[in-house]
Amino acid sequence: MLRLLPEYEDAEIIRTRDISILNLCDIVVDVGAVYDPSKHRYDHHQREFNRSLNSLDSTLKYTTKLSSAGLIYYHFGKRIIELILNDSLNKDNKIIDCLFDKIYENFIEEIDAVDNGISTHDGAARYNITSTISSRVGFLNPSWNSGTKSDFEINELFNNAMKLVGNEFIDKVIYYNKVWIQLVLSLLKLLRIVGTLIQAVPLFI
C-alpha cells in the first residue's frame, strides 16, 4: 500500500531486524516492536499490543486485532483510496469513508486475523481454505527443499508478494467504487424517489 503514496513510491525497502538500521529508516513496518505513528513505526508483535480499528476510532465497528497491514491501512488507507481512484471520484468524504469501511471488511480484516492467528470459527473447521491472500503469499516463500536462496532471490520473492497483494488491493478499491458504491447510490436515489411519491400521493384508508 505504501508504494502507492508519492512520498514512498521510490523508497528503498530494507528487510532487517537490526535496530540500529531500523532507527535510520523513514518508516518501519512489521518489525521493531514499536507502534508509534508519530515516528512512523508500525509493528504489532509487542506483547502489550492489542489495537483494533475500534480501539483507534470508536466510530469503526471492527474489533479484530490489527496486524501491521491494518495499522498501515488505518493511518494511510483513505489517502491511498483517493489516489487509486484519482479523477473517478469527486473527493466526497462520505464515499471515501464507505469505501474505507468496505475494503477493510472484505480484504484487510482477513489479513489482520490470519496474521494474528484468529480463526473465522470456533471448534473444528468443516474444511480447509487454502486460497486466501495470506495463503497465496505464503506459497511464494522458499520451500524447505528448494536450496539456499541468495538475498537477490529472496528479495525477488518478496517483491512478487508485494505485487500480488498490491494488485489485489487496487482491484478491490476499483471494484467497490465502480460496482458497490454505485449500487448504494442507486438504491439511495430510488428510496428518495419513493419517499417523494409517498408524500405526494394521498393516503386512503
Side-chain angles (χ1 to χ4, degrees), residues 1-3 15 17 28-35 37 41-78 80-81 84 97-149 153-181 183-184 187:
M1 284 187 284
L2 289 173
R3 284 288 198 184
R15 301 181 68 237
R17 297 184 186 279
V28 178
V29 180
D30 210 33
V31 292
V34 175
Y35 169 53
R41 298 298 185 258
Y42 302 97
D43 196 14
H44 69 110
H45 292 101
Q46 48 275 36
R47 183 174 298 178
E48 69 277 8
F49 183 88
N50 61 356
R51 300 300 184 92
S52 65
L53 285 192
N54 178 259
S55 72
L56 292 172
D57 182 346
S58 61
T59 66
L60 299 171
K61 66 181 180 180
Y62 304 99
T63 58
T64 299
K65 182 181 176 182
L66 296 173
S67 67
S68 293
L71 287 173
I72 293 298
Y73 186 72
Y74 173 74
H75 288 285
F76 300 96
K78 291 181 182 180
I80 292 171
I81 291 170
I84 291 172
D97 290 345
C98 285
L99 288 170
F100 177 87
D101 191 271
K102 193 68 173 178
I103 293 161
Y104 183 79
E105 181 180 20
N106 290 281
F107 188 69
I108 303 294
E109 186 174 25
E110 173 192 320
I111 297 173
D112 285 343
V114 170
D115 200 353
N116 285 303
I118 302 170
S119 178
T120 58
H121 52 271
D122 296 319
R126 291 179 179 272
Y127 55 87
N128 292 325
I129 300 175
T130 60
S131 58
T132 64
I133 187 71
S134 299
S135 297
R136 283 179 280 136
V137 167
F139 289 139
L140 293 174
N141 287 321
S143 60
W144 68 270
N145 58 352
S146 62
T148 303
K149 299 289 185 182
E153 291 173 312
I154 293 293
N155 287 332
E156 281 297 295
L157 292 172
F158 181 78
N159 287 333
N160 289 340
M162 283 202 308
K163 290 176 184 175
L164 171 66
V165 178
N167 288 338
E168 192 154 330
F169 175 78
I170 291 171
D171 287 344
K172 291 280 188 182
V173 173
I174 293 172
Y175 170 80
Y176 284 119
N177 181 59
K178 284 188 174 181
V179 179
W180 182 75
I181 279 291
L183 174 61
V184 171
L187 289 174

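The structure displayed is predicted, hence computed values, not measured ones. Values below: every heavy atom of this structure, side chains too, minus hydrogens, waters and symmetry copies.
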Q: Let me see the working for Cys98 and Val184 under side-chain contact (heavy atoms from CB on, under 4.5 Å), right down to the final yes or no.
A: CA-CA 10 Å; Cys98 285; Val184 171; over 6 Å; no
Q | Pair Val137-Leu164, side-chain contact (heavy atoms from CB on, under 4.5 Å): steps then yes or no | A | CA-CA 8 Å; Val137 167; Leu164 171 66; 4.0 Å; yes
(Q) side-chain contact (heavy atoms from CB on, under 4.5 Å) for Tyr73 and Leu66? Distances and angles first, verdict last. (A) CA-CA 10 Å; Tyr73 186 72; Leu66 296 173; over 6 Å; no
Q. What's the verdict on side-chain contact (heavy atoms from CB on, under 4.5 Å) for Val34 and Val28, showing C-alpha distance, side-chain angles and the deciding distance?
A. CA-CA 9 Å; Val34 175; Val28 178; over 6 Å; no
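Figure legend: cation-pi geometry between Lys172 and Phe107 absent, as NZ or CZ is not positioned both under 6.0 Å from the six-membered ring centre and within 45° of its axis.
The shortest side-chain heavy-atom distance between Arg126 and His121 does not fall under the 4.5 Å cut-off. Arg136 places a side-chain heavy atom less than 4.5 Å from the side chain of Ile133. Considering only heavy atoms from C-beta on, Glu168 stays 4.5 Å or farther from Val165 through its side chain. Here the side chains of Ile154 and Arg15 are in contact, with some heavy-atom distance below 4.5 Å. In this structure the side chain of Ile181 never reaches within 4.5 angstrom of the side chain of Tyr176, judged on heavy atoms. A heavy-atom distance below 4.5 Å is found between the side chains of Asn116 and His44. The shortest side-chain heavy-atom distance between Ile108 and Phe169 falls under the 4.5 Å cut-off.
Side-chain N or O atoms of Glu109 include none that pairs as donor or acceptor with a backbone N or O of Asn106 at under 3.5 Å. Here the side chain of Asp115 pairs no donor or acceptor atom with the backbone of Ile111 at under 3.5 angstrom.
Interatomic distance, Ser55 OG to Leu60 CG, rounded to the nearest 0.5 Å: 10.0 Å. With rounding to the nearest 0.5 Å, the separation of CG in Leu56 from CZ in Arg51 is 5.5 Å. Taken to the nearest 0.5 Å, the CG atom of Asn155 stands 11.0 Å off from the CG atom of Asn160. Between Asp30 atom CG and His45 atom NE2 the span is 4.5 Å, to the nearest 0.5 Å. The distance from the CG atom of Leu71 to the CG atom of Leu53 is 9.0 Å, given to the nearest 0.5 Å. Atom CD1 of Ile80 and atom CD1 of Ile72 lie 8.0 Å apart (nearest 0.5 Å).
A perpendicular orientation is assigned to the rings of Phe76 and Tyr42, their planes being inclined by more than 60° (bins at 30° and 60°).
Comment: Asp97 engages Lys78 in a salt bridge, judged by a side-chain N to carboxylate O separation of less than 4.0 angstrom.
The closest side-chain donor-acceptor pair between Thr59 and Asp57 falls under 3.5 angstrom. Side chains of Ser52 and Asn54: no donor on one and acceptor on the other come within 3.5 Å. Of the N and O atoms on the side chains of Ser67 and Asp112, at least one donor lies less than 3.5 Å from an acceptor on the other residue.
Counting all heavy atoms, side chain and backbone alike, His75 lies closest to Pro37 at CE1-CB, 3.5 Å. What you find for Leu157 and Leu140 is that their closest heavy atoms are CD2-O, 3.4 Å.
Residue pairs meeting the ring-ring contact (aromatic ring centres under 6.0 Å, His included) criterion with at least one member in residues 49-71, sequence neighbours excluded: Tyr35-Phe49, Tyr62-Tyr104.
Atom CG of Asn167 has more than 12 heavy atoms from other residues, nucleotides or ligands within 6.0 Å. The 12-atom threshold is not exceeded at CG of Asp122, counting heavy atoms of other residues, nucleotides or ligands nearer than 6.0 Å.
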